[in-house]
There are 2 protein chains.
Amino acid sequence: MPRVVTIRTVAERAGCSIATVSRVINGSARTSAEVEARVRAAIEELGFRPSEIGRSLKTLRARTLGVVIPSLTNPVFAASVAGMEAEARRRHHTLLLTATDYDAAREPEVVETLVAQSVAGLVLTVTDADDNPTLDRLDAEGIAYVLIYNEPRRTERAAVSVDNAGATFALAKAMIAAGHRRVIYVAGRFATSDRARTRYLGYLAAMSEAGLAAEAPLELDYLADPAGHGAALAGVFGPPGRPTAALCSNDLLALSVMAALRALGLKVPQDVSVAGFDGIALAGAAYPSLATVDTPTRRMGERAVEKIFELLDGSAAPTLERLPFELRPGGTLAPAPDASPVASARRPDAASPSFPASPEPPSE
Amino acid sequence: MPRVVTIRTVAERAGCSIATVSRVINGSARTSAEVEARVRAAIEELGFRPSEIGRSLKTLRARTLGVVIPSLTNPVFAASVAGMEAEARRRHHTLLLTATDYDAAREPEVVETLVAQSVAGLVLTVTDADDNPTLDRLDAEGIAYVLIYNEPRRTERAAVSVDNAGATFALAKAMIAAGHRRVIYVAGRFATSDRARTRYLGYLAAMSEAGLAAEAPLELDYLADPAGHGAALAGVFGPPGRPTAALCSNDLLALSVMAALRALGLKVPQDVSVAGFDGIALAGAAYPSLATVDTPTRRMGERAVEKIFELLDGSAAPTLERLPFELRPGGTLAPAPDASPVASARRPDAASPSFPASPEPPSE
DNA sequence: CTGTTAGCGCGTTCAC
DNA sequence: GTGAACGCGCTAACAG
């Protein structure tokens, strides 16, 4: 079905040239009120919508933004994409959405696809933001992009993130303050998430500062059947002297870990305290509510899109930008069993331990 | 920054015409092995990627699919979009994603935007699939689209859904079988979801069949602060003789209702049983796990995209297609307090009432 | 203020 | 088997 009504149809109907029609549509130059009225009427009557394709071919830039995320199934990414969509729409752009399923090998191809569509810019979360040929290629070609959730060490890369290590440091300190001595860090596969690795560093710093022995991290694959988690967790939480707290690299994982611990007959938080990272909406609806790091997920998506446009119009250089986070108390984090809290005041409400008022970053 | 390497650059490098390059890329006609090799080498060396814009302008059809959903924040839609994305990628298409935030007034504009992009087809969830000028316009212009989650009465509209009324009927029956007499239906705003309305009919049928009085539905706005739910629920669950079960129009709402009930000092399921609809992943991670209707969310997205292509290549006519659902037992649905189950066998496991083996649709 | 015209990158006749 | 030429829908540069 060929396009029935084009700018030419409108021009004929309005009795003018296509250039004039274009001017009316884009307000790119003044036109007489009379002609403009005729053109608008023609557009209305014909139900004409200018083709974005035609415009893009001329402009060499589509009014679209490419988005690359690991998975929509994780509410963190769903929320940030929702923010991107709202902000993009505000600027008359549409999102081209792709997912890599946490597979680094898929990154180059989806970016190729997006670039072939002549997107105005890209927002992406990659498995590794520092050692990444795909990003190198974007740099080389001068294509605007903003990372989200990644926290590149190469700070000349534009990114919107949080202080992953600092937040985890603060969260681990809160666990330690609650009397936990054996705290284990549970992560999705490190290989597919530099966030998980960076957060682990925060955990290490907190344990070290408290003079506690860090445990080897437990890597789970949270794409696999959650049943698989049970076996792995049984190995760690089965033997005596088990950890009394599990610090998880993200909320989705934490909720899965909670279910697995319960299946093992362990009570949360009486036997094991649990905490997550991200602050997804459903963490608050869980019971007990999940202690976590609240990150501005939706706002990060909006901010990433704003940043793309700043890069495009040259009003800002690419920088790493960390948005504020907040520790969110939750019933899953309670004082350690048979352990009197070290110093500090007594905690009247075991279900809601108070966190330090402001996050404390690790000393660097 | 103009496009540096076009099909023309490749042609020069390979020492042939652009027509030949095009033929090699698309395999649209035979070329000599020698020339083909030169062309492929040139493409490789130059890192050439054909512009989708140029191709689309010629074809008058972009290799993109427009998606219109109420909100990405609801995991149901996030999961189905994930399915669409995977299936679209399999077919070398990309998704153009838009959200309406449950605002019917936004439907026409986002669809306009998508159509202006010359999408190959559309997948959408609308507030009302029967009385909908936007869909009428798509019909009139012969643009391929598939509804998802909507269940239009006008069955000549292509749709991928579940038996909303039948599933709710079965779920309500299970509640009644557990001894509940006062069951209240809790919905998001009916005005913004024909699913909520259709599901309500299933509830009514079950109550009627059991000779029970249906309650007026309780409409909550689950975009608003969940704190607002507390007040509304207090009005219903405060007075004596309160309902012993809440049948919620979707899982997200059900989880929110559970939290609100707890805040009111009511225990789930000891005081009030709760059930949802959709079968989002986190419903299983909740504690107690949420009793719900398990719908194939991701598969529905995949199926919708498959269907678009069937419509495009004329291999199938638009039809309403209902995918199978399953009742998922959960700890939130327990026998009614101080009520001995009517007839039926005793339930050994109060936390996991057994559902009827197969869903029973309402008699029509 | 308006019209004419030249492409943007590509696919596709139509000759050769 | 290959190339020249046209046009998809639109914007922008230039004439008038």
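In what follows, chains carry the letters A, B, and so on, assigned in the order in which the sequence lines appear, proteins first and then strands, with residues in each chain numbered from 1. Keep in mind that the numbers below use all heavy atoms, side chains included, and drop hydrogens, waters and symmetry copies.
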Gap between atoms CG and C1', on B:L57 and C:dG9 respectively (whole Å):
8 Å
Report, one pair per line, the protein and nucleotides 11-13 of chain D atoms (nitrogen or oxygen only) whose separation is under 3.5 Å.
{"residue": "D:dT11", "atom": "OP1", "partner": "A:N26", "partner atom": "ND2", "Å": "3.0"}
{"residue": "D:dT11", "atom": "OP1", "partner": "A:R55", "partner atom": "NH1", "Å": "3.4"}
{"residue": "D:dT11", "atom": "OP2", "partner": "A:S22", "partner atom": "OG", "Å": "2.9"}
{"residue": "D:dT11", "atom": "O2", "partner": "A:K58", "partner atom": "NZ", "Å": "3.2"}

Among all residues two or more places apart in sequence or in another chain, which pass the side chain to side chain contact (heavy atoms under 4.5 Å, CB included) test with B:L57?
A:I53, A:L57
Rounded interatomic separation in angstrom, taking CZ from B:R38 and P from D:dG1:
15 Å
All side chain to side chain contact (heavy atoms under 4.5 Å, CB included) counterparts of A:E306, not counting sequence neighbours:
A:E87, A:R91, A:R299, A:R303
Do any side-chain nitrogens or oxygens of A:S56 fall under 4.0 Å of OP1 or OP2 in C:dC8?
no
Pairs involving residues 103-138 of chain A, ordered by first then second residue, that meet ring pair (Phe, Tyr, Trp, His ring centres under 6.0 Å) (sequence neighbours left out)
none
For DNA chain C, find the residues of residues 89-98 of chain B with a heavy-atom distance under 4.0 Å and give them by number; none if there aren't any.
none
For residues 23-43 of chain A, pull every pair meeting ring pair (Phe, Tyr, Trp, His ring centres under 6.0 Å), keeping only residues two or more places apart or in separate chains.
none
Between CZ of B:F48 and C1' of C:dG9 the distance, given in whole Å, is 8 Å
Have a look at B:I53 and say if it touches a base, only the backbone sugar-phosphate, or nothing, with a 4.0 Å heavy-atom cut-off.
nothing
Five pairs at each end of the helix from C:dC1-D:dG16 to C:dC16-D:dG1: take the axis at both ends and give me the angle between them to 10°.
40°
Under 4.0 Å between a side-chain N or O of A:S17 and OP1 or OP2 of C:dG3?
yes
Among all residues two or more places apart in sequence or in another chain, which pass the salt bridge (Lys or Arg N to Asp or Glu O under 4.0 Å) test with A:D313?
none
Within the structure, does a side-chain N or O atom of B:T20 lie under 4.0 Å from either OP1 or OP2 of D:dG3?
yes
For A:E45, is there an ion pair with A:R13 - N to carboxylate O distance below 4.0 angstrom?
yes
Mind jotting down which residue pairs meet the ring pair (Phe, Tyr, Trp, His ring centres under 6.0 Å) criterion with at least one end in residues 78-100 of chain A? Sequence neighbours excluded, please.
A:H93-A:F309
In chain order, what residues pass the side chain to side chain contact (heavy atoms under 4.5 Å, CB included) check against A:S32, with sequence neighbours excluded?
A:E34, A:V35
If each of B:R8 and B:A29 is mapped to the nucleotide of DNA chain D with the nearest heavy atom, which maps nearer the 5' terminus, i.e. the 5' end?
B:A29
For B:R322, I'd like to know if atom CZ has over 12 heavy atoms of other residues, nucleotides or ligands within 6.0 Å.
yes
My understanding is that only residues two or more places apart in sequence, or in another chain, count here; which of them pass side chain to side chain contact (heavy atoms under 4.5 Å, CB included) with A:T31?
A:T20, A:R23, A:V24, A:E36
Closest to the B:S32 side chain: D:dT2, D:dG3, C:dC10?
D:dT2
Non-neighbouring partners of B:R154 that pass salt bridge (Lys or Arg N to Asp or Glu O under 4.0 Å), sequence neighbours left out
B:D136, B:E156
